[in-house]
Amino acid sequence: MGREEEISTSSCKDIPNLLSSFVDTFVDFSVSGLFLPPPPPSPPTLPTRLPSPPRLVAVGDLHGDLEKSKQALRLAGLIDADDRYIGGSATVVQVGDVLDRGGDELKILYFLEKLKREAWRSGGRIVTMHGNHEIMNVEGDFRFATESGVEEFRVWWEWFRVGNKIKSLCQGLEKPKDPMKGVPSSFRGVRKEFHDGFRARVAALRPNGPIATRFLSENVTVLVVGDSVFVHGGLLPEHTSYGLEKINEEVRDWVKGLTGQLSPEYCRAADGLLWLRKFSRSKVPQCDCSALEHVLATVPGVKRMVMGHSIQRVGINGACDDKAIRIDVGLSKGCGDGLPEVLEISRNSGLRILTEDPLYQNKGNATMVDVGKEQGLGLLLGQQGGPKQVEVQA
């Protein structure tokens with residue numbers, strides 16, 4: 001065989017993979033409107049513990065609202081007006097609950113994936129976490145899905161199915177698996193016009209489903225960064241003694257379809273680490289500071305717990321001498337429509353709240369507010385005549 005024939009044969013062998021990549025890009029753009037940058041050649045391992053970075057940004061619950069999510073990221077100086085990552089070497093933690101209550105769930109998942117890849121190229125890192133709503137959806141609990149959210153998944157399925165049909169026509173590519181295999185064709189109590197969207201949502205998000213595997217299996221459930229531990233709901237001593245790494249591994253295996261239909265008990269229980277409100281109730285005096293200090297003492301080097309899950313109507317606030325930081329501000333239009341706020345932790349200036357709250361604004365620009373050093377920002381707001389704290393179950 002001559003040199004030219006060898007090159008031709010080698011090129012032909014690459015055609016199926018090139019076609020598959022092109023189809024995937026086509027489907028991704030049709031669903032999200034984005035062209036994703038190339039992934040890292042060696043994707044970083046999913047962390048349980050990370051060293052303290054020069055700048056750490058924590059973002060609360062997003063609940064299907066892409067525009068408000070972008071506002072929060074711009075507020076933190078992480079994206080520019082064209083939605084490109086500009087956060088440099090920052091580490092960003094999003095504490096879960098991207099799903100439910102809004103119609104941009106898939107678009108946010110794609111957008112965060114784009115930013116993860118852009119951040120990696122800039123020396124930064126974006127870590128996404130599980131909230132209780134991610135776990136609910138993987139289990140098939142869609143009680144908080146909206147009509148527009150169901151429709152978004154129906155549209156995804158239409159494009160995904162077209163992509164699979166194209167791939168199946170190409171010799172040399174393995175026949176794509178049918179994500180709809182075993183999914184019911186109808187659902188009791190659901191209007192007929194939503195059955196297709198429900199089927200698509202089940203197929204996409206169930207364990208080992210295309211969306212669950214691609215995006216949600218990249219989430220962590222608990223994360224330590226420097227002297228802060230991040231969790232959606234809260235941690236108890238039984239969680240830390242069980243093992244933070246073990247929790248992350250078990251939930252990851254479940255999302256990938258390796259361990260059955262139901263998530264681990266610590267993800268589903270009322271006092272589980274995704275549902276717990278013991279340290280995040282809006283009324284600061286209700287926070288059990290003694291129990292919190294006991295939990296923190298079980299995680300070496302950790303000074304504070306950063307949580308989402310329970311909406312803080314006064315905005316991000318701290319309790320128990322800022323050992324409990326609550327960052328869910330009810331951002332989504334479908335879940336409070338709160339003003340964007342994010343938490344910044346830096347080596348030089350400590351903890352600060354970046355906020356668009358007009359109570360702290362100067363000439364319309366977002367400002368930075370030090371977290372309260374004694375009683376926490378929530379109590380300080382109450383003393384200054386600000387809005388009263390109202391507990392909202394998220």
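Just so it is clear, the structure is predicted and the values come from calculations on it, not from any experiment. FYI, side chains are in, hydrogens and waters are out, and symmetry mates aren't considered; it's all heavy atoms of this structure.
Under the 3.5 Å distance criterion, the side-chain polar atoms of E151 are left unmatched by any main-chain donor or acceptor of G197. Side chain of S168 to main chain of K175: no donor-acceptor pair is present (N/O by atom type, distance under 3.5 Å, no hydrogens or angles). At least one donor-acceptor pair closer than 3.5 Å links the side chain of T25 to the backbone N or O of S21. Between the side chain of H232 and the backbone N or O of G308, no donor-acceptor pair lies under 3.5 Å. Under the 3.5 Å distance criterion, the side-chain polar atoms of N317 are matched with a main-chain donor or acceptor of G315. Judged by distance alone, with hydrogens and angles left aside, the side-chain atoms of D321 form no donor-acceptor pair with the main-chain N or O of K323 at under 3.5 Å. Side-chain N or O atoms of D104 include one that pairs as donor or acceptor with a backbone N or O of L66 at under 3.5 Å. Proximity of a side-chain donor or acceptor of K68 to a complementary backbone N or O of G338 within less than 3.5 Å is detected. Using modelled atom types, no side-chain atom of E344 and backbone atom of L351 make a donor-acceptor pair closer than 3.5 Å. One N or O on the side chain of H309 and one on the backbone of W275 form a donor-acceptor pair closer than 3.5 Å.
None of P47, S52, P53, P51 except one satisfies the side chain to side chain contact (heavy atoms under 4.5 Å, CB included) rule with V225; the exception is P53. Considering D80, D82, D83 in turn, D83 is the only one that fulfils the salt bridge (Lys or Arg N to Asp or Glu O under 4.0 Å) rule with K70. Applying the side chain to side chain contact (heavy atoms under 4.5 Å, CB included) test between F142 and each of D100, V150, N137, V190 identifies N137 as the sole match.
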Do D65 and R101 pass the salt bridge (charged side-chain N to carboxylate O under 4.0 Å, His left out) test, and can you show the C-alpha distance, the side-chain angles, and the key distance before you say yes or no?
CA-CA 8 Å; D65 192 327; R101 302 188 185 278; over 6 Å; no
Show your working on side-chain contact (heavy atoms from CB on, under 4.5 Å) between M307 and V95 and close with a plain yes or no.
CA-CA 7 Å; M307 299 155 282; V95 297; over 6 Å; no
Check against side-chain contact (heavy atoms from CB on, under 4.5 Å), V251 and H130:
CA-CA 9 Å; V251 177; H130 285 300; 3.6 Å; yes
Could you give me the CA-CA distance, side-chain angles and deciding distance for D271 and K278, then say whether side-chain contact (heavy atoms from CB on, under 4.5 Å) is met?
CA-CA 8 Å; D271 60 353; K278 188 179 184 70; over 6 Å; no
Steps toward side chain to side chain donor-acceptor pair (under 3.5 Å) verdict (S346, R55)
CA-CA 5 Å; S346 66; R55 184 174 189 241; over 6 Å; no
Could you walk me through whether M305 and L296 satisfy the side-chain contact (heavy atoms from CB on, under 4.5 Å) test, starting with their C-alpha distance in whole Å, then the side-chain angles of each, then the deciding distance to 0.1 Å, before giving a yes or no?
CA-CA 8 Å; M305 187 182 301; L296 294 178; 4.2 Å; yes
Check the pair D196 / R154 against salt bridge (charged side-chain N to carboxylate O under 4.0 Å, His left out), numbers first and verdict last.
CA-CA 6 Å; D196 287 346; R154 188 197 65 78; over 6 Å; no
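Taking all atoms of both residues into account, the shortest heavy-atom contact from R326 to S280 is NH1-CA, 3.5 Å. Here the closest heavy-atom approach between residue C320 and residue L292 is recorded as CB-CD2, 4.0 Å. Shown here for I316 and V342, the closest heavy-atom pair between the two residues is CD1-C, 3.5 Å. The shortest non-hydrogen separation linking P37 to R121 is CB-NH1, 3.7 Å. Between M129 and L223, the shortest heavy-atom distance links the atoms CE-N, 3.9 Å. Taking all atoms of both residues into account, the shortest heavy-atom contact from K107 to E152 is N-OE2, 3.2 Å.
Counting only heavy atoms from C-beta outward, the side chains of R199 and W157 never approach each other to under 4.5 Å. Contact check for P340 versus L331: side-chain heavy atoms found under the 4.5 Å cut-off. By the 4.5 Å heavy-atom criterion applied to side chains, C335 and D61 are not counted as neighbours. Using a 4.5 Å heavy-atom cutoff, the side chains of W254 and I135 are in contact. Inter-residue side-chain proximity for V127 and F230 is flagged as unmet; no heavy-atom pair is nearer than 4.5 Å. Looking at E139 and L262, their side chains come closer than 4.5 Å, going by heavy atoms from C-beta outward. Using a 4.5 Å heavy-atom threshold, the side chains of Y266 and T221 count as separate. Under the 4.5 Å side-chain criterion, counting only non-hydrogen atoms from C-beta, V98 is not in contact with T128.
Note that CG of L106 and CH2 of W156 are 8.0 Å apart. Values are rounded to the nearest 0.5 Å. The CD atom of E293 sits 9.5 Å away from atom CG of D288, with the distance rounded to the nearest 0.5 Å. One distance of note links CG of N164 with CG of L173; it measures 10.5 Å at 0.5 Å rounding. How far OG of S122 is from CG of L115: 10.5 Å, rounded to the nearest 0.5 Å. In this structure, CE on M136 lies 12.5 Å from CZ on R268, to the nearest 0.5 angstrom. Atom CD of E134 sits about 9.5 Å away from atom CG of L205, to the nearest 0.5 Å.
A salt bridge is absent between E118 and R84: the closest approach of a Lys/Arg side-chain nitrogen to an acidic carboxylate oxygen does not fall below 4.0 angstrom. Classification of K303 and D322 as a salt-bridged pair fails, no side-chain N sitting under 4.0 Å from a carboxylate O. Note on R214 versus E113: no salt bridge recorded, every NZ/NE/NH1/NH2 to OD/OE distance being 4.0 Å or above.
Taking a 6.0 Å sphere around CD of E193, one finds it holds more than 12 heavy atoms contributed by other residues, nucleotides or ligands.
Residues V302 and L244 share a single hydrophobic cluster, defined by chaining ILVMFWY side chains whose heavy atoms lie under 4.5 Å apart. A single hydrophobic cluster is seen to contain both F111 and V155, as judged by linkage of ILVMFWY side chains at heavy-atom distances under 4.5 Å, directly or through other members. Side-chain heavy atoms closer than 4.5 Å link hydrophobic residues (I, L, V, M, F, W, Y) into clusters, and following such links, even through other members, never connects W120 to L73. Residue L339 is not grouped with residue I353 when hydrophobic side chains (ILVMFWY) are merged at heavy-atom distances under 4.5 angstrom, including chains of intermediate members. By the rule that hydrophobic residues join a cluster once side-chain heavy atoms approach within less than 4.5 Å of another member, L36 and F29 end up as members of separate clusters.
Between the side chains of R252 and S217, no donor N or O sits under 3.5 Å from an acceptor N or O. For the residue pair R277 and S310, a side-chain donor N or O sits within less than 3.5 Å of a side-chain acceptor on the partner.
The aromatic rings of H63 and H133 sit perpendicular, their planes meeting at an angle over 60°, well past the 30° parallel limit. Relative orientation of the F22 and F26 rings is parallel, given thresholds of 30° and 60° on the angle between their planes.
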